[in-house]
J.: 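Next up is a structure, given as structure tokens.
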Amino acid sequence: MVPMTSTRLLNLSALLDDAKCFALVRQHRWPDGVHCPSCGSAGVARHGRDDTQPHRQRYRCTACTARFDDLSGTALAGHHRPLRVWVLCLYLMGLNLSNRQIAQELDLSVSDVQAMTEQLRIGLVAQAPVIALDGEVEIDEVYVVAGHKGNPTAVAKKAAWGAGSRAHPAGAHSPKRSHRSWA
């Protein structure tokens with residue numbers, strides 16, 4: 001068996017820049033145009049850019065006067081890492097890499113990657129739609145224990161007998177065995 005080596009094949013962070021990442025966030029977050037996260041109004045005006053991240057657009061709602069930006073109200077808001085690092089982390093999570101492998105690929109500490117992946121998972125779960133089952137359901141290969149329908153005491157006695165004691169509980173009968181000899 002050949003041991004796995006952790007060689008870097010490609011510098012992924014060089015492929016992405018923050019401008020592309022913010023454009024991707026805008027495209028997925030607001031496919032029908034920017035809406036205010038506070039009141040839901042479509043009446044939004046651009047309100048400058050972020051000082052530390054020049055591609056991060058700020059907005060002001062004309063209805064409720066709330067101020068927000070591309071990442072407000074998301075799992076990516078309020079962090080000091082560049083957005084491209086978050087996008088790459090999410091991509092590597094999708095490849096089912098471990099936190100240690102992601103940390104090595106992104107040149108981060110394992111504890112930082114652990115915090116990032118937890119935050120991203122929380123954000124993904126928060127955005128998951130509510131599942132509503134409806135219609136016909138098919139099941140395959142089901143094992144059903146028969147013989148105890150409407151008789152829960154028999155199930156309780158059988159469970160007590162199988163709990164490790166060799167003695168039969170009161171009232172429980174052992175199966176009959178044939179004592180025929182082989183001829």
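Residue numbers count from 1 along this sequence. None of these values were measured; they are calculated from a predicted model.
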J.: I'd like to know if Leu106 and Tyr91 are part of one continuous hydrophobic network [Ile/Leu/Val/Met/Phe/Trp/Tyr, side-chain heavy atoms within less than 4.5 Å].
T.: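 Same cluster: Tyr91 reaches Leu106 through Ile, Leu, Val, Met, Phe, Trp or Tyr contacts under 4.5 Å.
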J.: Only counting residues at least two apart or in another chain, list the ones meeting side-chain contact (heavy atoms from CB on, under 4.5 Å) with Thr74.
T.: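 Thr74 satisfies side-chain contact (heavy atoms from CB on, under 4.5 Å) with Arg29, Leu71, Leu76, Ala77 only.
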J.: Should Arg46 and Tyr59 count as side-chain neighbours, where that means a heavy-atom distance under 4.5 Å?
T.: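 Side-chain contact under 4.5 Å: yes.
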J.: Going by distance alone, is a donor N or O of one side chain under 3.5 Å from an acceptor N or O of the other, for Gln101 and Glu105?
T.: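 There is no such pair between these side chains.
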J.: If the condition is side-chain contact (heavy atoms from CB on, under 4.5 Å), which residues does Ser72 pass it with, not counting sequence neighbours?
T.: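 By the side-chain contact (heavy atoms from CB on, under 4.5 Å) rule, Ser72 matches Phe68, Asp69.
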J.: Please round to the nearest 0.5 Å and tell me the distance separating atom CD1 of Ile102 and atom CG of Leu92.
T.: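 CG of Leu92 is found 5.5 Å from CD1 of Ile102.
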J.: Among pairs that include at least one residue of residues 122-138, which meet salt bridge (charged side-chain N to carboxylate O under 4.0 Å, His left out), considering only residues two or more places apart or in two chains?
T.: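 Sorted pair list comes back empty.
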J.: Between Arg60 and Arg67, what is the shortest heavy-atom contact and its length?
T.: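 Shortest heavy-atom separation between Arg60 and Arg67 comes out as CG-CG, 4.2 Å.
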J.: Hey, what do you get for CE (Met116) to OG (Ser111), rounding to the nearest 0.5 Å?
T.: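 Output value for this atom pair is 11.5 Å.
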J.: Applying ring pair (Phe, Tyr, Trp, His ring centres under 6.0 Å), can you list everything that pairs with Phe22, at least two apart in sequence or on another chain?
T.: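 With neighbours one apart ignored, the set is empty.
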J.: Can you name the residues that form a side-chain hydrogen bond (donor to acceptor under 3.5 Å, both in side chains) with Gln119, not counting sequence neighbours?
T.: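 Listed in chain order: nothing, the list is empty.
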J.: Once rounded to the nearest 0.5 Å, what's the spacing between atom CG of Leu90 and atom CZ of Arg121?
T.: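 Leu90 atom CG to Arg121 atom CZ measures 10.0 Å (nearest 0.5 Å).
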J.: As an exercise, state the distance from CZ of Arg81 to CG of Asp112, rounded to the nearest 0.5 Å.
T.: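 Interatomic distance, Arg81 CZ to Asp112 CG, rounded to 0.5 Å: 4.5 Å.
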J.: Pairs of donor and acceptor atoms involving the side chains of residues 31-43, under 3.5 Å and at least two apart or interchain, shall be tabulated with distances.
T.:
residue	atom	partner	partner atom	Å
His35	ND1	Gly33	O	2.8
Ser41	OG	Gly43	N	3.0

J.: Quick check: do Val110 and Val113 have side-chain heavy atoms less than 4.5 Å from each other?
T.: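 They are not in contact (no side-chain heavy atoms under 4.5 Å apart), so the answer is no.
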J.: For the residue pair Leu83 and Asp70, establish whether any side-chain heavy-atom pair is separated by less than 4.5 Å.
T.: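 No, side chains not in contact.
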J.: Between atom SG of Cys89 and atom CG of Leu97, what is the distance when rounded to the nearest 0.5 Å?
T.: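 The SG atom of Cys89 sits 10.0 Å away from the CG atom of Leu97.
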J.: Would you check if Arg100 and Gln104 make a side-chain contact, meaning some heavy-atom pair closer than 4.5 Å?
T.: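 They are not in contact (no side-chain heavy atoms under 4.5 Å apart), so the answer is no.
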